[in-house]
Number of protein chains: 2
Amino acid sequence: MLKQKITLKHIAKELDVSISTVSKALKNSEEISRDTKEKIQAFAKLYNYKPNNIAISLKNKRTKNIGVIIPDIVHHFFTTVIRGIENYANAKGYNVIVCLSDESFDKEVINMEMLANGSIDGFIMSLSAGTEKKKDFNHLKEVTEQGIPMVLFDRVTSEINCDKVLIDDIQGAYVATKKLLDEGRRKIALLTTEDFFSVSMNRNKGYRKALKDFGLEVNPDLVLKLPFMDIDEAKIEEFLNQIEPDAILSVNEIFGIYGMRVVQRKGLNVPKDISIIGFTDGLLAKHANPSITSVAQHGELMGETAAKMLIEKVESENEEETYRTEILQPTLIERESTLNQV
Amino acid sequence: MLKQKITLKHIAKELDVSISTVSKALKNSEEISRDTKEKIQAFAKLYNYKPNNIAISLKNKRTKNIGVIIPDIVHHFFTTVIRGIENYANAKGYNVIVCLSDESFDKEVINMEMLANGSIDGFIMSLSAGTEKKKDFNHLKEVTEQGIPMVLFDRVTSEINCDKVLIDDIQGAYVATKKLLDEGRRKIALLTTEDFFSVSMNRNKGYRKALKDFGLEVNPDLVLKLPFMDIDEAKIEEFLNQIEPDAILSVNEIFGIYGMRVVQRKGLNVPKDISIIGFTDGLLAKHANPSITSVAQHGELMGETAAKMLIEKVESENEEETYRTEILQPTLIERESTLNQV
DNA sequence: TATCAACACGAAACCGTTTTCGTCTTTTTT
DNA sequence: AAAAAAGACGAAAACGGTTTCGTGTTGATA
């Protein structure tokens, strides 16, 4: 019953030729006579011969695998990035090995070490919260020093020299804030995470820049910094009750959802009484009621871009150390949670 | 700059011993003298030696990789399953290679063939829509006949002999329908997919069974079959306008969301005028307004269970062909879209 | 007919490990 | 002191391929 995988050796023995002849015949080498080639190819086809990937990897020192390490997979954004990576990588004949760091520094290190010992040709990753907090990038440094190509996306660090893909978070927040200001909103609350996230910092910058450009003071009381896990709805409610904003900008999708729920419970109408804009154009924003205007991060494009950059590096012979940083432009998707200006 | 990965050969040459000695010393073999072992181990540590996974895989015919093929990754359910698989697999020292079939038969076949040639020790998968529609399972058959362990989850087929994990879909739909009946609802619409999904069929069965047990006729006009992609909201609206149900049961999350939006637009109050229950307890159901009562499928547990079954098979020496089917019990998560009976 | 390509194929090294089976020393036993 | 038994290490095969470099046959050339 158990049809064992067939190898070159089996074919060679069966047809009474050498292993090298079989190998060459299957690659249609000119060295081998027409007759022999046909015989071998027919036999191989009959028994559905497929070369063993592992053996080829060992020989070529190329695995055709790319390692992806992300903080979490239940976030819609990361999920779309993976899809983009998969798209591009599969088309180029690569497999994608996904590992989750669970936002933990330790898991990130363990996973990297696991993959770095020959399992993959290169990394695509986004830093875990733990890593961003600890600011320890030695595991990344080691890997890049070994000559393993790496592309960082979204949550990146300037301490590592490698290719990067990010969206222009400052610009995204700027455009979103400007949209709210243009609507006539003046008291714009910002729901953000703790400071160590590079991404949140930039969105905060964009928010402040827009206010300044508009000639408004930046009021720190309008900014609420929340831990990124275990969201405390009561805290949001207290904050919003106290400052009574006429608009909310959230640095992610979920804070925006919570914010909307709170103000709706207070009897406010979105967007008549208060406008809401979130980051990350995910399913929640799209299907909320009202649907939430969002800054789209184009995760799929990000994934494709990252995969493209990585595979180019992997397949390029030259060892020149030039690194690119690709900055994607975010898009404001206008929905029902903001006033329509048309 | 480029610190080349160090191998046994390097160590052997540097310390003027044989490769075998180095290998044994690093495994703390009794064969090697204390002095030599210490010297070698110190050297290996200093240069951060890590054995090459590929070489070990080739030697052992074990990759410590498990291949996961799922139809889509942006579905929250699959995402939670992956998380469960990752959890368990990583703890056991396995990597997870994720491939997406994109609901396509062809991509499923290609991905399986790619992985089946030595890259992985076993498969965990859920059938693509294309495969369920086509009812062609030869690629699965080939893989299992080669002795590669496989676990099917959620979207399974009885045509393949292997381990399976699923939830009791009949029971899930039964409980949900019963809940609606107990509320006094009598005109329960069912939003479902086309027939070829094993999962939807079972949910349909549970729905009918509950009605019958309650002494009600099953009215086929109350059932709307929708294509699973490119949801046509107008069709849902027309359907609901026509039959004017007092409850909606949806076989997934998204149809429920659309259903709710349609009835809310008509001015109906959920749950006062109409109750809604969906399948798959995802973020959309949780954060909808009102939040939607759902049949939880426990994706993470499903993933863990599948990984556990697979790894047990992979690591068991005996070749006995006994296959288990693990049936998980769904849970009804009551939320705001149904009447509270307390 | 001796020489030389061209042809068709095989031997062997190699990728980085693991592991079995020698083999050479040294120590213990009788 | 000779024989046996440890002790410590190396050679080599194996995993499944690829590839370089022979080498033995042909057939053509001089």
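Lettering of chains follows the sequences in order, A, B, ..., and the numbering in each one begins at 1.
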- Contact class for A/S23 (heavy atom, under 4.0 Å): base, sugar-phosphate, or nothing? base
- Query: What is the distance from CG of A/L58 to P of D/dT19, rounded to the nearest Å?
  - Reply: 13 Å
- Message: With heavy-atom distances below 4.5 Å as the criterion, would you say the side chains of B/I40 and B/V17 are in contact?
- Response: yes
- Protein-nucleotide distance (B/L8, atom CG; C/dT19, atom P), rounded to Å: 12 Å
- Whole-Å distance, B/Y49 OH to C/dT18 P, equals 6 Å
- Query: With nearest nucleotides of DNA chain C determined for B/K24 and B/K59 from heavy-atom distances, which residue corresponds to the more 5′ nucleotide?
  - Reply: B/K59
- Message: Would you say the ring centers of B/F105 and B/H139 fall short of 6.0 Å from each other?
- Response: yes
- Between A/S33 and C/dC9, is there a side-chain N or O to OP1/OP2 distance below 4.0 Å? yes
- Message: Can you measure A/I32 atom CD1 to D/dT18 atom C1' for me and round it to whole angstrom units?
- Response: 13 Å
- Query: Is there side-chain contact between A/T63 and A/D121, with at least one heavy-atom pair below 4.5 Å?
  - Reply: yes
- Scan A/T36 against the nucleic acid and name what it touches under 4.0 Å (heavy atoms): base, sugar-phosphate only, or nothing. sugar-phosphate
- Nucleotide D/dA14, atom C1' - distance to CG of A/N52 in whole Å: 14 Å
- For B/S20, report the nucleic acid contact type (base, sugar-phosphate, nothing); a contact means any heavy atom under 4.0 Å. base
- Nearest-neighbour nucleotide for the B/K61 side chain, C/dA11, D/dC15, C/dT17 considered: D/dC15
- Message: Taking the basic N atoms (NZ, or NE/NH1/NH2) and the acidic carboxylate oxygens, is any pair closer than 4.0 Å for A/E326 and A/K308?
- Response: no
- Find which nucleotide of DNA chain D each of A/I6 and A/E31 is nearest to by heavy atoms, and output the residue with the more 5' nucleotide. A/I6
- Message: Rounded to whole Å, how long is the line connecting atom NZ of A/K64 with atom P of C/dC15?
- Response: 22 Å
- Given C/dG10, D/dG10, D/dG16, which nucleotide is nearest the side-chain atoms of B/S18? D/dG10
- Looking only at C/dC15, D/dT19, C/dT17, the nucleotide nearest the B/I19 side chain is C/dT17
- Message: Within the structure provided, determine whether A/M112 and A/E142 are in side-chain contact (heavy-atom separation under 4.5 Å).
- Response: no
- Task: Can you tell me the distance, in whole Å, between the NZ atom of A/K5 and the C1' atom of D/dG17?
- Result: 14 Å
- Query: Where the side chain of A/K27 is defined as all heavy atoms beyond and including C-beta, which of D/dG16, D/dC9, D/dT18 is the nearest nucleotide?
  - Reply: D/dT18
- Message: Between P on D/dG17 and CG on A/N60, what's the gap in Å once rounded to a whole number?
- Response: 12 Å
